[in-house]
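The structure appears right after this line, and notes come after that.
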Amino acid sequence: AQSVAQPEDQVNVAEGNPLTVKCTYSVSGNPYLFWYVQYPNRGLQFLLKYITGDNLVKGSYGFEAEFNKSQTSFHLKKPSALVSDSALYFCAVRDIGSSNTGKLIFGQGTTLQVKP
Amino acid sequence: DVKVTQSSRYLVKRTGEKVFLECVQDMDHENMFWYRQDPGLGLRLIYFSYDVKMKEKGDIPEGYSVSREKKERFSLILESASTNQTSMYLCASSSRLAGVSNEQYFGPGTRLTVT
């Protein structure tokens, strides 16, 4: 069965420091991987995706994520955190071997708190 | 600019009422989804649709039904609202074209309170 795990409920970092939000996945075939961000009382916004190719993927707002097949991970990173990055972050996966219904499996979410 | 809209941002209903949540997308997407979001539980898929008049149950369909009469519109129906259906409801859509990476685009959400 497909699954996604975000092992940390909350991540706290100081403004200007690098941040990492962790995600691991389990699929039977090769994955499509996604990160979304949700600001308070808003819908989810797409940040970035890994489909194939370069393991380091760059996305919106200076975020990037590294696909690691051997560790089945797709951690979200940013070199220098901003207070405005404080939000709820979701990792999601789709097995590209599955039918093209577009279903994604979402992790439980990680709250990122960036302090001034 | 891609857009998914939901009929209400906030909704308060009484137990036993029939509730309609509407979602419209303007991207000509084939796939549409309804999720509910609760603290600590992440996003849980209620129903999805991959074509007009087609629907499939997600992980938590009990107490809900859906309707997709037109490609751009996907409705979630609570036949008889209960207090345990108080939640944030999120609609999303994605393309079904071959070779497209299928990221989902989300609406702003409807916060439903059932009293």
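Everything numeric in this text was worked out from a predicted model, so none of it was measured. What's counted below: heavy atoms across the whole structure, side chains too, no hydrogens, waters or symmetry copies. The sequence lines fix the lettering, A, B, ..., with proteins before strands; numbering per chain opens at 1.
Only the side chain of R111(B) comes within contact range of chain A, judged by heavy atoms closer than 4.5 Å. Proximity to chain B is absent for every atom of I105(A), based on heavy atoms less than 4.5 angstrom apart. Neither the backbone nor the side chain of Q45(A) comes within contact range of chain B; no heavy atom of the residue lies under 4.5 Å from a heavy atom of that chain.
In this structure, CD1 on I51(A) lies 7.5 Å from CD on E103(B), to the nearest 0.5 angstrom. Taking CG of L90(B) as the start and CZ of R42(A) as the end, the distance is 12.0 Å to the nearest 0.5 Å.
Contact annotation: the side chain of Q37(B) approaches that of L88(A) to within less than 4.5 Å [non-hydrogen atoms, C-beta and beyond]. Counting heavy atoms from C-beta on, the side chains of E56(B) and K103(A) never come closer than 4.5 Å.
For residues 5-14 of chain B, a heavy-atom distance under 4.5 Å to chain A picks out R9(B), Y10(B), given by residue number.
Between L44(A) and F106(B) the shortest heavy-atom distance is O-CB, 3.4 Å. Taking every heavy atom of both residues into account, L104(A) and Q104(B) meet most closely at CG-NE2, 3.6 Å.
The hydrophobic cluster containing Y89(A) also contains Y50(A), counting ILVMFWY residues as joined when their side-chain heavy atoms lie under 4.5 angstrom apart, directly or transitively. In the hydrophobic clustering of this structure, L56(A) does not group with F74(A); members are Ile, Leu, Val, Met, Phe, Trp, Tyr whose side-chain heavy atoms approach within less than 4.5 Å, directly or through other members. Hydrophobic clustering (ILVMFWY, side-chain heavy atoms < 4.5 Å, transitive): Y64(B) and F33(B) are in distinct clusters. Using a 4.5 Å cut-off between side-chain heavy atoms of Ile, Leu, Val, Met, Phe, Trp and Tyr, with links allowed through other members, M32(B) and M27(B) fall into different hydrophobic clusters. Residue M88(B) is grouped with residue F90(A) when hydrophobic side chains (ILVMFWY) are merged at heavy-atom distances under 4.5 angstrom, including chains of intermediate members.
Within 6.0 Å of the NZ atom in K22(A), the count of heavy atoms belonging to other residues, nucleotides or ligands does not exceed 12. D9(A) CG: 12 or fewer foreign heavy atoms inside a 6.0 Å radius.
Every residue was checked against the side-chain hydrogen bond (donor to acceptor under 3.5 Å, both in side chains) condition with Y36(A), not counting sequence neighbours, and none meets it.
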